[in-house]
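A short write-up of the structure that comes next.
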There are 2 protein chains.
Amino acid sequence: MGNQLRKHIEEVVALSDDEYTFVLSHFSKEAFGKNDFLIQKRESVNHCYYVISGLLKLVYDDADGKKHITSFAMENWWESDFAAFFTQTEAQMSLQCIEETHVLSISLNNYNKLAANFPKMEYFFLKKSNAGHIASQRRILSFLTSSAKERYEQLLEQYPVLFQRVPKMLLASYLGVSRETLSRLSH
Amino acid sequence: MGNQLRKHIEEVVALSDDEYTFVLSHFSKEAFGKNDFLIQKRESVNHCYYVISGLLKLVYDDADGKKHITSFAMENWWESDFAAFFTQTEAQMSLQCIEETHVLSISLNNYNKLAANFPKMEYFFLKKSNAGHIASQRRILSFLTSSAKERYEQLLEQYPVLFQRVPKMLLASYLGVSRETLSRLSH
DNA sequence: TCATAATTGTGATGTTTGTCACGCAATAGT
DNA sequence: ACTATTGCGTGACAAACATCACAATTATGA
């Protein structure tokens, strides 16, 4: 329970009890209900979130009023509107619960303090950022090389659990196809 | 000349002369001719590159033998097959010169040493990685929200210099459209 | 429980984009 | 300078995908 974040961090760097207590003191535990917003577009983005349980969607509203899913965030994922968070500008996206969700949140101040004062966590954040960058490049590559059907099958293979937890219209949005097309692809 | 990397790093963190000398000692200067490969697919990826001058393309060959441009890298950009570099697995992409190119290269060992022994550079790498992650997310968003024509116009606005330095068939590949479609879009 | 809203499937049709084919211009190497 | 290669534009056609409309099903909340 209380040491889920510790296990997660220790996949990258080992921590003593005291070190983990110190790290944890930079976070706040928060709970959100289904459809609650963690980040609203046009508001300031004060936190980055570590998901303990539940499921989030990061949504961009385009000029035509259509909603596009930039990403999902499940257990042990880190999520925020990172562009807005790191540069302290207003949110261009919203972060909303698909399910009731428990998170640990960290402010930019505390993120910077932790990185500056505790090299192990700076190393951890660097590893996570590199991994996120690599994952984004893989997704870009799937847009360049694959048809909608192929992207659907890749998602099904990589994150089968999403198909049980997320309405298909949201998966369509994440894949960049209409819900009608996705429906026809699935058989 | 010799302090281009220093200026680049000092956009993020200040360095003393001695510190810069120390940093620079982790890099090697290399020169490549047009069409030379810095990384060949299926080979090991031993270096990450900082571009001093010139222009590179990061290319993925798909199962049908088609080539897709994952990204370009110009002056002051960092490039590698990061997935292969960080995990020391074989390259899934190739990195090739579009123009004669001068780089500073750093091995993974030296990258890790620098990050571990010199907090300012770990901070710099973290900032760069976060920026790269954010740029990738913006590109994903352009695939989700924009037509080929809109992506073309966004690229023209963001990197007009590419249109003078890169054949349009490569721009088409970067944008994820056929060269014929790009040709028809441009007027 | 019942009414309402959200989600899904499917047909008909239109738009966007890819593919094939061809000719021409520009470039690079000898 | 000449030739081979590479890059570019465009027509004709095919494939992929979006959009609109409507019905059916499944969740949700008072």
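Because the structure is a prediction, the values reported are computed rather than measured. Residue numbering restarts at 1 for every chain, and letters A, B, ... go by the order of the sequence lines.
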_Taking only side-chain N and O atoms of Thr181(A), does any of them lie within less than 4.0 angstrom of OP1 or OP2 on dA18(D)?_
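Thr181(A) to dA18(D) OP1/OP2: side-chain N or O found under 4.0 Å.
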Can you tell me the distance, in whole Å, between the [atom1] atom of [X] and the [atom2] atom of [N]?
X         : N       : atom1 : atom2 : result
Lys57(B)  : dT6(D)  : NZ    : C1'   : 12 Å
Arg184(A) : dA21(D) : CZ    : C1'   : 12 Å
Lys168(A) : dA27(D) : NZ    : C1'   : 15 Å
Arg165(B) : dG7(D)  : CZ    : P     : 17 Å
Arg179(A) : dC22(D) : CZ    : P     : 14 Å
Leu144(B) : dA18(D) : CG    : C1'   : 15 Å
Glu99(A)  : dT28(D) : CD    : C1'   : 16 Å
Tyr152(B) : dC8(D)  : OH    : C1'   : 13 Å

Between [X] and [Y] (judged by ring centroids, cut-off 6.0 Å), do the two rings come close enough to count as a pair?
X         : Y         : result
Phe37(A)  : Phe32(A)  : no
Tyr49(A)  : His102(A) : no
Phe82(B)  : His133(A) : yes
Tyr111(B) : Phe27(B)  : no
Tyr159(A) : Phe72(A)  : no

*Is a donor-acceptor contact shorter than 3.5 angstrom present between the side chain of Glu180(A) and the base of dC20(D)?*
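Indeed, a donor on one side and an acceptor on the other fall under 3.5 Å apart.
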*Report the residue (Lys34(B) or Lys66(B)) whose heavy-atom-nearest nucleotide on DNA chain C is the more 5′ of the two.*
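Here Lys66(B) is the residue nearer the 5' end.
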_Toward the 5' end of DNA chain D, by each residue's nearest nucleotide, Leu185(A) or Leu182(B)_ =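 On the 5' side of the pair lies Leu182(B).
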*Reading DNA chain C 5' to 3', which nucleotide is the first, and which the last, to come under 4.0 Å of any heavy atom in chain B?*
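Result: dT17(C) to dA28(C).
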*asked:* Is the ring pair His68(A)/Tyr60(A) parallel, tilted or perpendicular, if the boundaries are 30 and 60 degrees?
replied: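 Plane angle between 30° and 60°, so tilted.
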*Could you tell me whether the side chains of Ser129(A) and Ser129(B) share a donor-acceptor contact shorter than 3.5 Å?*
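Yes.
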